[in-house]
Amino acid sequence: MKMNGAKIFVESLKKEGVDTIFGYPGGVVLYIYDELYRSDIRHILVRHEQGAAHMADGYARATGKVGVCLVTSGPGATNTVTGLATAYMDSIPIVVFTGQVSTNLVGNDAFQEADIVGITRSCTKHNFLIKNVRDMARTIKEAFYLARTGRPGPVVVDIPKDITIDSAEFSYPDSIELPGYKPTYEGNMNQIKRAIDMILVSKKPVIYTGGGIISSGASKELLTFAGLLKAPVTNTLMGLGGFPGEHPQFLGMLGMHGTYAANMAVTHTDMLVAIGARFDDRVTGDINEFAPEAKIVHIDIDPTSISKNVEVDVPIVGNAKSILGEMNKLLKQDRRLKEFNREIEDWKMLIAQWKESHPLTYKEGGKLKPQFVIEQIYELTKGNAVITTEVGQNQMWTAQFYKFSKPRTFVTSGGLGTMGYGFPAAIGAKVALPEATVIDIAGDGSIQMNIQELATAVQYKINVVVAILNNNYLGMVRQWQSLFYGKRYSHTDMSHKPDFVKLADAYGARGYTVDTKKDVVPVMKDALKSKLPVLIDFRVEEEEDVYPMVPSGASLKKMLLA
Amino acid sequence: MRHTISLTVENQFGVLARVAGLFSGRGYNIESLSVAETLDPSVSKMTIVTSGDDKIIEQIIKQLNKLINSIKVVDLTVTDHVEREMVLIKVSASGESRTEVLRLVDIFRGKIVDVSPDTFVIELTGDEEKISAVLNLLKPLGVKDIVRTGKVAMQRTIQHDGKGDK
Ligand SMILES: Cc1ncc(C[n+]2csc(CCOP(=O)(O)OP(=O)(O)O)c2C)c(N)n1
Ligand SMILES: [Mg+2]
């Protein structure tokens, strides 16, 4: 059937099973909006396009489905760039549709023209400019396919206005033709066997896993793998939730704000099994002193991640779920396993000692402690909530004190560290999972970066809870200034800010202030039952620091402990 | 070390920018790059000369492979291949040096493609060694300008001995 580009757009989204778009209209996308007016696809009108991109991202992280965003040309498009970069760094599948000026005006510095394909080339997995309406359906198909397959990531599709008016025959392609794109899913069997041989002769193994476990849906396989080996497991920030936080083999997070046990374990290990993790500098500290005695097996879907930062002994390219599945099959039949389990007992004892001598902790007394608030949120929700964070101390304390037990329950900007991410991401997650409890653990600085989305949350009754750990500072930066810049708190004072309760009220949301321990639980309980979005202003200890801390670029064993 | 990489890509607008962006975004150097359509007009071939240690070259090749529009990446340096470059050289040629230039052009099988009363433009094709040799010989005579195409390169066909090849 012949239809115009706008209609082809909407029909193609339906074919992709899109139920929700986060968007904001403008001149060049009006034909599309006119078509949406007649369609039953849900459209969430945001208050800033950055919010739309983060919402699509939160939607994707909470479900594994592709998040979708629609914005106008020029400023609408450029406002999504931070959202794209955030999704790109954390390999999150979103498709952002940007309007563009008509093809005859492209390149003319036309009103609201921005070369968004050029601008986003380095922060998308791929991007497209549609130049003919006949390419619309195929391009949309490819965009979704690229976003969710292989190493997932954001894709931009730029659509000039005239393309939405022109007509073409609509037929949605059922196959993909991308000659240069063939992600490897199955691991090489020889490499898998070599890895197992190497692991089974080690005495001090550590399993180190990242976001790849979450994106490939491999947490069950990881649990079996760790169960067979009986070896300790540590997660990156992105990997949290991939392995049960209360599991006896779990060491907690590693890296700059990792646990003592995790950082000591990777420093002394003789066998590091890295799965879906990329040896980021926040994880490794001084790369030359990272796991210096270890043989390394590295499983990753992206060949460019392998041997990028550290030399590995056995690289295995492929999908973590399928590779772990294969490894588990082999391990179950391997006669050496029993002996191996016995041989690593000493190592596990040593780790148990590290865990016991240096647990995650904080000093009681004084004002309300941010860590206490997070502990109480954990007790109240017991892992049955989606927790998003902003960036800074709030994020690190959440990673430390909330024991994530299920994949896709922790939603945080890891790679880019985007302040202002957590709130819109929470909205996106809640839109995807309306029954779920969704809480953004925020900082007083970060929350002000996308606070305008409170209007969106109220309008659509997207009842998320924002728990602001209000320390009157850009706390994480202040912590660095305190430790490394002689306590010169240059421009990190955040005490000038709105009254959050009044602000919530002004938006039609619900606001609370909490300054004492005893109010934390009752207010949280109230908030979780609320029929409105909630902002809670937790007035916490102002100069509390996050520990342990490895100074930037130092070796992991040089942790500052308090 | 220097590497010559042959890259087959989909012949679409923006692909060259993706390749160039990959190099510039990661701080890798492109020494030369040449690109043109192949027999199949939907496909182009690039020859890229770059340098770096083994680790950098490994990353470059993996990153090129990762580009959605790249179809094939071959590091020709580790295979048997032929490389050629073309150069146009404008050289002073008046009086006695005119015959000297002509002699050199003849020895190296170059061509004179433009003549003026006191200059020649020479067209010369060869591998890097030959081109630098010629330039060295011409320099004392007064080279005014040069333009080089950058390398193009192609894998050699494997020569079989006829005995039991597959
Ligand atoms: C968009 C953006 N700008 C700047 C930074 C640098 N930065 C990292 S943490 C931080 C402070 C965050 O303050 P707040 O939200 O109050 O969180 P806290 O650390 O106090 O918990 C800053 C400014 C960033 N990560 N993102
Ligand atoms: Mg703060």
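Bear in mind the structure is a predicted one, so any value in this text is a computation, not a measurement. Computed over heavy atoms, backbone and side chain alike; hydrogens, waters and symmetry mates excluded. Each chain gets a letter, A, B and so on, in the order the sequences are listed, and its residues count up from 1.
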Taking atom [atom1] of [X] as the centre, report whether more than 12 heavy atoms of other residues, nucleotides or ligands fall under 6.0 Å from it.
X: A:E186; atom1: CD; result: no
X: A:K295; atom1: NZ; result: no
X: B:K45; atom1: NZ; result: no
X: A:N108; atom1: CG; result: yes
X: A:N104; atom1: CG; result: yes
X: A:K308; atom1: NZ; result: yes

From CG (B:N65) to CG (A:D302), nearest 0.5 Å: 11.0 Å
Taking every non-hydrogen atom, the tightest pair across A:R121 and B:G14: NE-O, 4.4 Å
Donor-acceptor under 3.5 Å (B:K62 side chain, A:I306 main chain): yes
Toward chain A, the part of B:L22 with a non-hydrogen atom under 4.5 Å: neither
Heavy-atom contact with chain A under 4.5 Å, split by part of B:E10: side chain
Residue selection (most heavy-atom pairs with chain B, distance under 4.5 Å) from A:K131, A:K125, A:R151: A:K131
Among A:G150, A:G180, A:S307, residue most engaged with chain B (heavy-atom pairs, under 4.5 Å): A:G180
Chain A neighbours within residues 68-105 of chain B, where any heavy atom lies under 4.5 Å away: B:I68, B:N69, B:S70, B:I71
Heavy-atom contacts under 4.5 Å, residues 112-137 of chain B to chain A: none
Region of A:S122 in contact with chain B, defined by heavy-atom distances below 4.5 Å: neither
Contacting region of A:E142 [heavy-atom separation from chain B under 4.5 Å]: neither
Close side-chain approach of B:R18 and A:N127, heavy atoms under 4.5 Å: yes
